Participant: 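Take a look at this one; I'll ask things after.
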2 protein chains.
Amino acid sequence: MSFSRAAATGDSRFGNVLASFAPVRRDTQTGDTGFDLSGVVAHFPAGRQIYAEGDDARSFYKVIGGTVRTCRFLNDGRRQIAAFHGAGDVFGIESGPDHRLTAEAVTDCSIAAYRWRGLDTTIVGDDRLGHWFLSHLMAALSRTREHALLLGRGSAAQKIAAFLLEQDAMNDAGSMIDLPMTRQDIADYLGLTIETVSRTLSQLERDRVIDLPCARRIGLKDRQALRGLIA
Amino acid sequence: MSFSRAAATGDSRFGNVLASFAPVRRDTQTGDTGFDLSGVVAHFPAGRQIYAEGDDARSFYKVIGGTVRTCRFLNDGRRQIAAFHGAGDVFGIESGPDHRLTAEAVTDCSIAAYRWRGLDTTIVGDDRLGHWFLSHLMAALSRTREHALLLGRGSAAQKIAAFLLEQDAMNDAGSMIDLPMTRQDIADYLGLTIETVSRTLSQLERDRVIDLPCARRIGLKDRQALRGLIA
DNA sequence: CGAATACTTGATGAGACTCAAGCGCCGTGG
DNA sequence: CCACGGCGCTTGAGTCTCATCAAGTATTCG
């Protein structure tokens with residue numbers, strides 16, 4: 001699982017901006033802002049660890065394809081998932097010298113790694129790059145805040161409903177969601193048990209709010225009902 | 001409750017950096033980095049709203065003195081507190097055009113407001129200012145993440161223990177904590193009810209882990225036991 | 001086909017919520 | 001001075017949701 005250089009480093013337009021990056025312009029397939037950075041790309045099979053809690057935060061990362069989870073393991077063996085990251089999402093930015101969470105591939109993934117030396121040598125002097133970095137950081141803050149608010153209040157049904165709508169917003173493909181993660185992942189993300197996740201989904205199907213043709217496929221039959229649940 | 005200009009705007013060192021700020025160097029009494037910005041300072045009595053969810057995010061804020069809560073009101077009347085902010089903390093930075101949370105004074109407060117026009121006109125071109133802004137943003141992300149992880153897992157006792165240790169870390173004054181907030185605030189912060197907060201604190205006192213001389217005063221008798229609870 | 005893994009469903013119990021009452025503190029006013 | 005009410009907090013009893021324990025089904029993969 002070694003990183004391989006993805007592209008030449010000839011474009012030095014940002015060379016003095018992010019000192020230790022290897023930035024180039026890419027023919028980006030992510031629908032970002034048209035602007036893009038490339039670091040060093042690697043592929044991870046499903047389940048593989050990308051970095052562990054406590055590792056030096058020498059890089060941050062962007063998902064090219066696949067899904068990543070960032071999580072923490074408690075010493076009673078349980079796991080709390082902080083976020084799922086899909087294509088285009090940036091993760092692994094840390095304020096301190098080391099990673100405070102573990103990152104793992106949920107599915108087979110392509111991940112771009114961007115070297116950085118932490119906050120002290122950061123991103124000033126270029127409008128677009130600074131904007132890119134800041135917007136990702138603030139998006140992460142916004143999402144984390146919503147996640148915290150969801151976890152604090154709400155019944156199992158509310159959490160599941162919010163989760164489904166969140167996944168629906170990512171998958172902009174009709175009303176059918178293909179979940180990349182297991183029930184256990186969902187449970188650890190929502191602060192529930194796997195049994196409660198399963199029961200709640202079954203109940204939603206009985207209530208004609210969703211379809212469950214197979215475990216990983218969820219059809220949203222009544223988004224309004226889901227929104228109503230969230231209150 | 002109108003803002004009053006705190007200082008002259010003669011110092012234009014950052015004039016082209018944060019377009020609409022009124023930044024000056026202050027003889028700061030916060031133990032920050034030595035570097036400081038001043039905006040427009042206002043005082044808020046306990047309970048007063050600073051901004052509401054949905055308001056235009058024309059400014060962000062720093063607590064000079066007192067305690068602030070940022071929260072969301074659910075349409076069933078309940079309230080979820082996202083964070084408490086003490087002296088030196090920055091709050092109200094938004095990625096979008098409007099505030100996603102409400103901010104209210106928990107105690108009487110002095111608040112500095114910094115105008116800004118959002119992400120598009122942000123903080124490039126000055127190392128120290130960019131660093132100051134980024135470090136606050138990343139600190140907020142880090143704290144929010146910890147809060148989310150706390151809310152997801154954990155019994156009432158674990159949440160209370162984590163809350164007490166968090167407050168203890170703020171109050172660097174011996175082993176006695178003077179809480180600025182009510183039991184209801186604590187409950188809404190931890191995703192519990194006021195009764196559960198009260199019962200759990202009483203139980204911790206019976207277990208000789210804390211002292212409760214009065215409701216708002218908590219003595220930590222056994223920090224190790226609290227840390228043990230968090231697991 | 002068999003085994004492993006993922007998922008579902010059922011029975012039971014613990015922990016937190018709800019409803020309700022009572023206590024303590026404090027400011028107001030008689 | 002005390003009576004009173006309001007507010008924040010504590011405590012108790014009953015209920016309900018979700019976790020736990022346990023079993024069984026479905027799916028995947030060698």
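Values reported hereafter were calculated over all heavy atoms of this structure, with side chains retained and with hydrogens, waters and symmetry mates removed. Below, chains carry the letters A, B, ... as their sequence lines are ordered, and counting in each starts from 1. Quick caveat: nothing in here was measured; it's all calculated off a predicted structure.
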Participant: Measure from the side chain of Arg216(A), starting at C-beta and using heavy atoms only, and say which of dA6(C), dT10(D), dA19(D) lies closest.
Facilitator: dA6(C)
Participant: With Glu104(A) as reference, evaluate Thr102(A), Val106(A), Leu101(A) under the side-chain contact (heavy atoms from CB on, under 4.5 Å) test and give the passing residue.
Facilitator: Thr102(A)
Participant: Going by number, which of residues 153-168 of chain B have a non-hydrogen atom under 4.0 Å from DNA chain C?
Facilitator: Ser155(B), Ala156(B)
Participant: Parallel, tilted or perpendicular for Phe133(A) and Trp116(A), by the 30°/60° rule?
Facilitator: tilted
Participant: Is there a donor-acceptor pair under 3.5 Å between the side chain of Asp211(A) and the backbone N or O of Ile218(A)?
Facilitator: no
Participant: From CD1 of Ile218(B) over to P of dC9(D), roughly how many Å is that when rounded to an integer?
Facilitator: 10 Å
Participant: Can you say whether the rings of His147(B) and Tyr189(B) are parallel (under 30°), tilted (30 to 60°) or perpendicular (over 60°)?
Facilitator: parallel
Participant: Can you check the Asp76(B) CG to dC17(C) C1' distance for me, whole Å?
Facilitator: 13 Å
Participant: Mind checking the CZ-CD spacing from Arg143(A) to Glu166(A)? Nearest 0.5 Å is all I need.
Facilitator: 5.5 Å
Participant: So, Gln167(A) versus Asn171(A): side-chain donor-acceptor pair below 3.5 Å or not?
Facilitator: no
Participant: Separation of Glu205(A) atom CD from dT8(C) atom P, in whole Å?
Facilitator: 9 Å
Participant: For the pair Trp132(A) and Tyr114(A), name the ring-plane relationship: parallel under 30°, tilted 30 to 60°, perpendicular over 60°.
Facilitator: perpendicular
Participant: I'd like to know if Arg199(A) reaches the base of dG10(C) with its side chain, counting only an N/O donor and acceptor under 3.5 Å.
Facilitator: yes
Participant: Could you check whether Thr70(A) and His85(A), counting side-chain N and O atoms only, form a donor-acceptor pair closer than 3.5 Å?
Facilitator: yes
Participant: Could you pick out which residue, Arg78(A) or Arg206(B), lies toward the 5' side of DNA chain D when each is mapped onto its nearest nucleotide?
Facilitator: Arg206(B)
Participant: At under 4.0 Å, does any side-chain N or O of Thr196(B) touch on OP1 or OP2 of dC17(C)?
Facilitator: yes
Participant: What's the CG-C1' distance between Leu151(B) and dA16(C), to the nearest Å?
Facilitator: 15 Å
Participant: Let's see if you get this right: which residues in residues 176-195 of chain A place a heavy atom under 4.0 Å from DNA chain C?
Facilitator: Thr182(A), Arg183(A), Glu195(A)
Participant: Using a cut-off of strictly less than 4.0 Å, decide whether Ser202(B) has a side-chain nitrogen or oxygen near OP1 or OP2 of dT10(D).
Facilitator: no
Participant: Between Glu146(B) and Arg72(A), is there a side-chain N and carboxylate O pair less than 4.0 Å apart?
Facilitator: yes
Participant: Start at the 5' end of DNA chain C and walk down; is the nucleotide closest to Leu201(A) or to Val197(B) reached first?
Facilitator: Leu201(A)
